[in-house]
Peer 1: 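Sharing a structure, written as structure tokens. Questions coming.
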Amino acid sequence: MSTKAKVTRPLTSERAGLLPLAARASRIPGEGAIETLSRAQALETRGRDIIHLEIGEPDFPTPAHIVEAGIAAIRAGRTRYGPAPGSPALRTAIAAHVAATRGIPAGPEQVVITPGGKPVIFFSILALVEAGDEVIIPNPGFPAYAATVQFVGGVPVSLPLRAQNDFRVEPETLRRLVSERTKLLILNSPANPTGGVLSQAELEAIAEIALAHNLWVLSDEIYSQLYYGHTPPPSIAALPEMAGRTVLLDGFSKTYAMTGWRLGYGVFPSLLVQPVVNMIINGHTCVPLFVQEAGLAALQGPQEAVTKMRAEYRARRDLVIDHLQGIPGISVTTPAGAFYMMPKISGLGMTNARPFVNMLLEAGVAVLPGTDFGSYGEGYLRLSYAAAREKLVEGLRRMRLASERWQQTNT
Ligand SMILES: Cc1ncc(COP(=O)(O)O)c(C=O)c1O
């Protein structure tokens, strides 16, 4: 009998029902931000002008010397398969970079290059979390953490971050959340969506808990270079005995305005390197070598562009805070890093932000409800200030007018 299937009619939804999916296929949601973005884009195609404060993406071009290095690498024929864990030169440069910036003791053999930072979340959770295992995740927090934990059958446990505490991790709260089933703790500093940065003392208290309860830690430091204090944010991986249980996530997307290049990395405890490399071999084989050459130029070339972008984000942060303070009913905690903030809107007399977000979109400014990042985001908006100053000013003007209208109709 021929093994060739003869397709005689297209799949109808009834017939598709006879082809069951794996249960896990329904356990992986998309991202709330994407929904708001597509609604904003739909309005734009109808001719409306929308200010985008929902997108977490630098508006700067990738610095020219990085672009040139990528192009030169393509011209030089770096267009074939490369080693699954990444090019030796880039792995060596990254090991030196994390040692220099955060004092993390790691050799090049622990560095694995990935297409953006996100796969480090995915691969780490796949390699560490069994069905029924609990994973403590920040709430509000980056949505991929809970999504991936659910996908593998794990149980996300919310670690509340509260505005009145500058969205810091409260070690006592964390201690209470740890159970017999806790396998992994996820940290994100500087944080999306809160802009919070964990201090050395907080990290020490958290590390003590991780050590006492034998937890793995995933430290998402994708915003490591976007900080507004005098010193760079410290890393839990640099604390005594923590490197052997901590996966460090970082990358090029935010620091070097390279979101579309898809270049990130994990620094893994030795035990995890081979399973993750095997996932790469079976999944995407390698990150393009010419992209890695661009990454090498980013790390080893001049850093003025990073300094300039950081200064500009800081100026934008201050400008947004200034304008928000002029809107009655809205209050905000000044973020210490990344390019996000979470204005509190409960002063406008609402508990659910969604209708207000819809009204803002109609008024021409796209922002996200805090609940896109977890239940503890209720009563907040998430706003990205990775947009040009004139856009921010106009977006905040529209927000002020919409808030005034909201108050007139709802109070
Ligand atoms: C907290 C956090 N981690 C990881 C990522 C993923 O970054 P990348 O685009 O490099 O995959 C993002 C991107 O928005 C993020 O906000």
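Fair warning: this is a prediction, and the values are worked out from it, not measured in the lab. Each ligand, and each atom within it, is numbered from 1 in the order the structure gives.
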Peer 1: I'd like to check which ligand 1 atoms, numbered from 1 as shown, lie under 4.0 Å from a non-hydrogen atom of G117.
Peer 2: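 Selected atoms, number and element: 8 (P), 10 (O), 11 (O).
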Peer 1: Quick one: nearest non-hydrogen protein atom to atom 13 (C) of ligand 1, plus distance?
Peer 2: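 Of the protein heavy atoms, K254 NZ, 3.0 Å lies nearest.
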Peer 1: Report the part of Y223 in contact with ligand 1, treating N, CA, C, O as backbone and CB onward as side chain, heavy atoms under 4.0 Å; options are side chain, backbone, both, neither.
Peer 2: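 Within the 4.0 Å criterion, Y223 contacts ligand 1 through side-chain atoms alone.
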Peer 1: Could you tell me whether F167 and Y340 have their ring centroids closer than 6.0 angstrom?
Peer 2: no
Peer 1: Answer yes or no: is there a side-chain heavy-atom contact under 4.5 Å between F252 and T62?
Peer 2: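 Answer no - side chains too far apart.
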Peer 1: In terms of side-chain geometry, is the basic nitrogen of R389 or D318 positioned less than 4.0 Å from the acidic oxygen of its partner?
Peer 2: no
Peer 1: Check step by step if side chain to side chain donor-acceptor pair (under 3.5 Å) holds for E54 and T36.
Peer 2: CA-CA 8 Å; E54 82 281 39; T36 303; over 6 Å; no
Peer 1: What are the atoms of ligand 1, with element, lying closer than 4.0 Å to any heavy atom of G116?
Peer 2: 10 (O), 11 (O)
Peer 1: Considering the heavy atoms of N188, write down every atom of ligand 1 situated less than 4.0 Å from one of them.
Peer 2: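 In order of number, 1 (C).
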Peer 1: Taking distance alone, with no angle check, do Y145 and ligand 1 share an N/O pair under 3.5 Å?
Peer 2: no
Peer 1: Nearest 0.5 Å, please: how far is CG in L299 from OH in Y256?
Peer 2: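 Atom-to-atom, Y256:OH and L299:CG are 4.5 Å apart.
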Peer 1: Can you confirm whether or not the ring centre of Y223 sits under 6.0 Å from the ring centre of F339?
Peer 2: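 For Y223 and F339, the ring centres are under 6.0 Å apart.
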Peer 1: Please indicate whether any nitrogen or oxygen in R262 is less than 3.5 Å from any nitrogen or oxygen in ligand 1.
Peer 2: yes
Peer 1: Hey, looking at atom 10 (O) of ligand 1, which of G264, A33, G260, S253 has the closest heavy atom?
Peer 2: S253
Peer 1: Which ligand 1 atoms does K118 reach within 4.0 Å, using its non-hydrogen atoms?
Peer 2: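 Per the distance check, 6 (C), 11 (O).
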Peer 1: Between the side chains of E31 and K118, is the shortest nitrogen-to-carboxylate-oxygen separation below 4.0 Å, so that they form an ion pair?
Peer 2: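 Result for this pair is yes, salt bridge flagged.
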Peer 1: Considering only the protein, which heavy-atom contact is closest to atom 12 (C) of ligand 1, and what is its distance?
Peer 2: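 Ranked first by proximity to atom 12 (C) of ligand 1 is F142 CZ, 3.4 Å.
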Peer 1: Provide, to 0.1 Å, the distance between atom 1 (C) of ligand 1 and the closest protein heavy atom, together with that atom's residue and name.
Peer 2: D220 OD2, 3.3 Å
Peer 1: Does ligand 1 come near enough to I222 that some N or O of the ligand is less than 3.5 Å from an N or O of the residue?
Peer 2: no
Peer 1: Do F356 and W406 have ring centres separated by under 6.0 Å?
Peer 2: yes
